[in-house]
2 protein chains.
Amino acid sequence: MIIAINEYSDIPIYLQIRNQIVLGISDGRLQPGEQLPTVRGLAEEMGVNSMTVNKAYQLLKQEGYIYTDRRNGAKVREQLNFSPELSEESREALQRVISEAKIRGITKEDFCKICGKFYE
Amino acid sequence: MIIAINEYSDIPIYLQIRNQIVLGISDGRLQPGEQLPTVRGLAEEMGVNSMTVNKAYQLLKQEGYIYTDRRNGAKVREQLNFSPELSEESREALQRVISEAKIRGITKEDFCKICGKFYE
DNA sequence: TCTTTGTATTATTTATTATAATACAAACCG
DNA sequence: CGGTTTGTATTATAATAAATAATACAAAGA
């Protein structure tokens, strides 16, 4: 899976990496059990420091999306056993998005249509 | 309107202020044309630096939510004439939220229900 | 004139982010 | 066994962002 960063974004690189991998898992481009690039390999490919990639992997590991093995690298977890509820961070982010939507006059129905597109 | 900040949040104070004011506008706690607290007043009330509040107001002004007057302070804009579409930032944030929701097994229907709650 | 408003300026401190250069333990490979 | 590759730890440094502090200014109302 191609991971590209936007150097002009105000989102830190390590978070952009984390976000893209989570997105890849969610849309199936990364399968459960699939091998991720090595820390050094991805760092070189992206032109960033390997510790920056490591930071992203540490976060993904802590969040339960991946696991790592000293020898075998990082893999997507086979069973992503999360609770079927949004995290606190996501709920707050969603509230911010919806507050903007309301101000812009986007109806609940239209908003759900937009969500549907992201759901595919 | 009460503006409270979470000092343990990883969101900068000036953004927390900005977010709460946008939220207040969206749910009607702040009405169009309504006077906002003064920069210095709000800073003292919240126990933060006045330049931090000023930074939030600058952002809100730039985004088109409020306007300021050297003598009369800051007010919510009467006509919030935004395009009826989400900003790029909001769309990206929504995509991140939905990617997490999908991984957690939350269906599109359940997600729309959650959105409905935020819409009131 | 005095006060209050947002704003500008300058400096300093703190925290975060990113890079750099190594090093280490574990485990696989030939 | 020796060499290589893996994630990880360490230490230092640089760059940037965030927050505070202390003033000062122009505008405008009382």
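Every chain is numbered from 1 and lettered A, B, ... according to where its sequence line falls, protein lines coming before strand lines. Worth knowing before you read on, the calculation uses all heavy atoms, side chains too, and leaves out hydrogens, waters and symmetry mates.
Look at A:Asn54 and you won't find any side-chain N or O under 4.0 angstrom from OP1 or OP2 of D:dG7. A close approach under 4.0 Å does occur between a side-chain nitrogen or oxygen of B:Tyr14 and OP1 or OP2 of D:dA18. Residue B:Lys55 has a polar side-chain atom (N or O) positioned under 4.0 Å from OP1 or OP2 of D:dA18.
Taking atom NZ of B:Lys75 as the reference point, atom P of C:dT5 lies 13 Å away to the nearest angstrom. Between the CD atom of B:Glu7 and the P atom of D:dA18 there is a distance of 18 Å, rounded to whole Å. Spacing between atom CD of B:Gln62 and atom C1' of C:dT7 amounts to 16 Å, rounded to whole angstrom units. Distance B:Lys61 NZ to C:dG6 P: 11 Å, rounded to the nearest Å. The interatomic distance linking B:Arg18 (CZ) with D:dA19 (P) rounds to 15 Å, in whole Å. When the C1' atom of D:dA18 is taken as reference, atom CG of B:Asn6 falls 16 Å away, rounded to whole Å. One can place OH of B:Tyr67 at 18 Å from C1' of C:dT7, the figure rounded to the nearest angstrom. Between B:Arg71 atom CZ and C:dC2 atom P the separation is 15 Å, expressed in whole Å.
Residue A:Asp10 is out of contact with every strand shown, counting any heavy-atom pair closer than 4.0 Å. The residue B:Asn72 sits apart from the nucleic acid: no heavy atom pair falls under 4.0 Å.
Taking the nucleotide of DNA chain C with the nearest heavy atom to each of A:Ile13 and A:Asp69, the more 5' of the two is matched to A:Ile13.
At distances below 3.5 Å, at least one donor-acceptor pair connects side-chain atoms of B:Arg104 with backbone N or O atoms of A:Ser83. Using a distance-only test at 3.5 Å, with no hydrogens or angles considered, a donor-acceptor pair links the side chain of A:Glu100 to the main chain of B:Ser87. Side-chain N or O atoms of A:Gln20 include one that pairs as donor or acceptor with a backbone N or O of A:Ala4 at under 3.5 Å. Side chain of B:Gln35 to backbone of B:Asn72: a donor-acceptor contact under 3.5 angstrom is found.
Note: B:Glu85 CD to A:Ile106 CD1 = 7.5 Å, rounded to the nearest 0.5 Å. The line from CG of A:Asn19 to CD1 of A:Ile5 is 12.5 Å long, rounded to the nearest 0.5 Å. The CG atom of B:Asp27 lies 6.0 Å from the NZ atom of A:Lys102; values are rounded to the nearest 0.5 Å.
Within residues 34-52 of chain B, the residues that have a heavy atom under 4.0 Å from DNA chain D are, in order of number, B:Arg40, B:Val48, B:Asn49, B:Met51, B:Thr52.
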